[in-house]
2 protein chains.
Amino acid sequence: MGETDGTSPVHEPSLDEQIAVYQREFQDLDPQVEKVVSALSRLNRRMNVAYGRQTAALGISNAEWEVLKALVISGAPYRMGPSELAKQLGLTPAAMTHRIDRMTAEGLVTRERDESNRVRVIVELTDEGRSKWLDAMRAATVFEEDLLQDLSTAERGVLGDMLTRLLDRVEDLQARG
Amino acid sequence: MGETDGTSPVHEPSLDEQIAVYQREFQDLDPQVEKVVSALSRLNRRMNVAYGRQTAALGISNAEWEVLKALVISGAPYRMGPSELAKQLGLTPAAMTHRIDRMTAEGLVTRERDESNRVRVIVELTDEGRSKWLDAMRAATVFEEDLLQDLSTAERGVLGDMLTRLLDRVEDLQARG
DNA sequence: TGTGTAGAGTTAAGCATCGAACTTTAGGCA
DNA sequence: TGCCTAAAGTTCGATGCTTAACTCTACACA
């Protein structure tokens, strides 16, 4: 085909190559900082692809899995309102309405009016939804254990700690401006 | 309004609360692993929100910024084909076509046929596109430096190193299955 | 009791993305 | 030369998301 010069398929640049170019193009760049944020971004994209394959194999989407997770995390009896769900998942209420439509049709959740406050709606996990969550969770933990395989227990602790600190920091920044 | 019981606004559970519930609901969960992956996921969502605000302030979207970045990283003369771009950004060629349409209309890139191989198309960064990239980059680095503020130089190095190892690992897993 | 306001959720219209089918060009091989 | 296959990009139809407008209920306050 075209100009396959022998060794350049499509060649996504490696992290270090990417940072080297950035430094050429943008002098006051801290390569250490850039390495952290670029790795975070790439890592997350790849992880989402991996999760997507697993959930697809179970007949649900990543989007639906997010909803199942939020409901389980809310604890028994696994009920939340659409707005609350939307806030946690970073969606608009409109998107949440549609997502709940689909998941209701698939039997993963039920939707009913709150009789004690008729403006509200209660989304509740069904047994099937809970079981799907469990299946997805099992697959996810296998993958996650695999992912962290090269890190010692001590390193995992340090990593978790540092990421938590970044998370606190970003929430702080969010709150201010 | 509703049942504001005084201290539960919408209450997104903290990372530790979330993991505590997960352990109740799913016995064989490694809390250390879960903490790492959950923090990664949350962190990335928040960072994307932050980047989104910055790019919006510049009159572009995060999606467009991703394209600008890829073109700059490819190095001068800042040219790539649509498929190559699509692969790096994790999009389908169809989506890339439309995105390039929009960015061409906005003057951020140009699109022309490759005369030496008329099946191909060359997307090239314009001066305006390069300048937008620079503006976004300046804003991003300020944010990123802020984000990592609580980590020492040594810690940043360790974090970058660990994330790179995870990235290598996930690429490995991707390649296999 | 009535009115105004605010919050929860849905509906409607527009846009970005996806998967699949299609067009065009390049190159291999008879 | 002519055919066949593969690759690049676009077009088409469907899906899920966004913003904005709207409905309905609850509560505050006169």
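Proteins get letters first, then strands, A, B, ... in listed order; numbering begins at 1 in each.
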Worksheet item: Are A:V123 and B:V21 linked, directly or through other ILVMFWY residues, by side chains that come within less than 4.5 angstrom of each other?
Response: no

Whole Å only: how far is the [atom1] atom of [X] from the [atom2] atom of [N]?
| X | N | atom1 | atom2 | answer |
| --- | --- | --- | --- | --- |
| B:D114 | D:dA7 | CG | C1' | 14 Å |
| B:I122 | D:dG9 | CD1 | C1' | 14 Å |
| A:M103 | D:dT15 | CE | P | 18 Å |
| B:R118 | D:dT10 | CZ | P | 13 Å |
| A:L85 | C:dG9 | CG | P | 9 Å |
| B:R120 | D:dT10 | CZ | C1' | 16 Å |
| A:M96 | D:dC17 | CE | P | 9 Å |
| B:L89 | D:dG9 | CG | C1' | 16 Å |

Give a yes or no on whether a salt bridge exists between [X] and [Y], defined as a side-chain N under 4.0 angstrom from a carboxylate O.
| X | Y | value |
| --- | --- | --- |
| A:E145 | A:R156 | yes |
| A:R138 | A:D135 | yes |
| A:E12 | B:K87 | no |

Worksheet item: Between A:T92 and D:dT18, is there a side-chain N or O to OP1/OP2 distance below 4.0 Å?
Response: yes

From the set [options], return the single nucleotide nearest to any side-chain atom of [X].
| X | options | result |
| --- | --- | --- |
| B:H98 | D:dT25, C:dG9, D:dT11 | D:dT11 |
| B:P93 | D:dT10, C:dT11, D:dC24 | D:dT10 |
| A:A94 | D:dT19, C:dT17, C:dT24 | D:dT19 |

Worksheet item: Between A:E115 and A:L91, which is nearer to the 5' end of DNA chain D once each is assigned its nearest nucleotide?
Response: A:L91

Practice prompt. Could you pick out which residue, A:S116 or A:R102, lies toward the 5' side of DNA chain D when each is mapped onto its nearest nucleotide?
Written response: A:R102

Discussion item. So A:P82, base contact, sugar-phosphate only, or nothing? Heavy-atom distance under 4.0 Å.
Written reply: sugar-phosphate

Practice prompt. Using a heavy-atom cut-off of under 4.0 Å over every strand shown, decide if A:R111 touches base, sugar-phosphate, or nothing.
Written response: sugar-phosphate

Worksheet entry | Nearest atoms (heavy-atom pairs only) where A:Q88 meets A:A70 | OE1-CB, 4.2 Å

